[in-house]
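Because the structure is a prediction, the values reported are computed rather than measured.
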Amino acid sequence: MSEIADGRLVRLDLGASRPFLATHPDDVQQVLRRESGNFVRDGLFWRTMRELMGDSILAEGAEWEHSKKVLQPVFTTRNVNRLSGLMAEAINHAVDGLEEPASIGATIDVLPEMSWIVNESVIKVLFGDKISNDQANVLVPAFDQVATKITYRFLLPFVPRAVPLPGDRAYREAVETMDRMLFDLVDRYRDDPGEGNDIFTALCHARMADDSDLDDRWVRDNLLAMFATSTETTTLALTWLWPLLHDHPHVAERLQEEIRSVVGTERVHTGHLDDLHYVKQVVQELLRLYPVGWMFPRMATKDTSLRGVPIKAGSPVLISPYLTHRLKSVWEDPTRFDPDRFLPERTRDHHRYAYFPFGGGPHQCIGRHVFNVEAQLILTSILSRFRPRLLEAVPAEPRIGATLRPRSPIQMTLTRVRRTA
């Protein structure tokens, strides 16, 4: 649509709903920051998420403020740096699992492999040492089932619950599985959470210390919300990485050379990250093209306007990083994968809201530091040890759902890198 291509505010006709779609950075800034108190996370498009994650960090108003206050200390740069050593250890251990298929030339299915590596590291941040491998092995596939089966309810929020949609039954069963696991953990540690810098421990301590009516459900809701935002984002971003490197071999070569120069024969650790400048640029450009949180619905609570267009109270407004990141009026050759867009001297010219993969304003994702460290460590760990080769090219267009997933499985083989001291 030409209107979207030039950032014009447009009204979509979705039958039961007619939301505004705002893609221009000025409109995005107004919705997410300048008038964030007016454009709230409410309305039809939030119904499914609210039912799943309740009064968590993904809620609005007092519930959101309290959850953010509890969780913010876990995601300070200082604490993320403290946890990153554990993340690096978990990531290297998970990447060890790729040695076997590489040794025999076996084909791997990229998305589940990335999911396994991501979850190994995220579990450390979420639960510390309070969850067993057996419990994690139940929780992870159950959440993956939720993430895939929620799609129809997310895209068709106006369909009544009484009308069955594909995936409903599998979705309910997966939620029940997750609830059994999460409530069992809360029950076990409710009165004695012990010490730790992980999210679960912070939530349990807050529940004990708070004079309000925080309950087991509040802990569960926030655990699920943080699990969703910490795993799905990183897994899918890293899944899209390999087709992009396949289609841009010059980027892959430059990336591999930097990693070889900085990491050498060592196992990756956080001390390497300060010298992996191109790795950081690749991750940033990856999120420009494939921001997993591709749509942020908001609802106006009072009459206002966006660049002169009246917006009445109760009107839904959709913000889409996926579309804004591809505006021809903002980005030169926007569909091209070019990590050098994020050279320091070039980023200074960007509009603050031309690039917002983690949202913006008060609701900006508090886990963004974790994502950046995690994604860079995983990418580096894999490429320091293997050379990937896709079996076939993958279409650049994703399948639109609750997240941006590839339309078909991505399969590749791995060749071990000859590492000499």
Does the side chain of [X] pick up a donor-acceptor pair with the side chain of [Y] at under 3.5 Å?
X: T231; Y: N119; result: no
X: W218; Y: H66; result: no
X: H363; Y: R41; result: yes

Heavy-atom closest contact ([X] atom, [Y] atom, distance):
X: L9; Y: R307; result: N-NH2, 4.1 Å
X: L287; Y: A237; result: CD2-CB, 4.0 Å
X: E35; Y: S305; result: OE2-O, 4.5 Å
X: Q284; Y: Y355; result: O-OH, 2.7 Å
X: E258; Y: V279; result: OE1-N, 3.0 Å
X: E120; Y: A94; result: CG-CB, 3.7 Å

Does the ring center of H248 lie less than 6.0 Å from the ring center of F337? yes
Quick one: list whatever passes salt bridge (Lys or Arg N to Asp or Glu O under 4.0 Å) with R387, sequence neighbours left out. none
Do the side chains of R217 and D215 get close enough for a salt bridge, i.e. N-O under 4.0 angstrom? no
Are K69 and E65 within salt-bridge range, i.e. N to O under 4.0 Å? no
Has [X] got its NZ or CZ under 6.0 Å from the middle of the six-membered ring of [Y], at an angle within 45 degrees of the ring axis?
X: R11; Y: F20; result: yes
X: R288; Y: W331; result: yes
X: R254; Y: Y278; result: yes

Can you tell which of L98, V140, N137 makes a side chain to side chain contact (heavy atoms under 4.5 Å, CB included) with W116? N137
Parallel, tilted or perpendicular: which describes the rings of F356 and Y353, with under 30° parallel and over 60° perpendicular? tilted
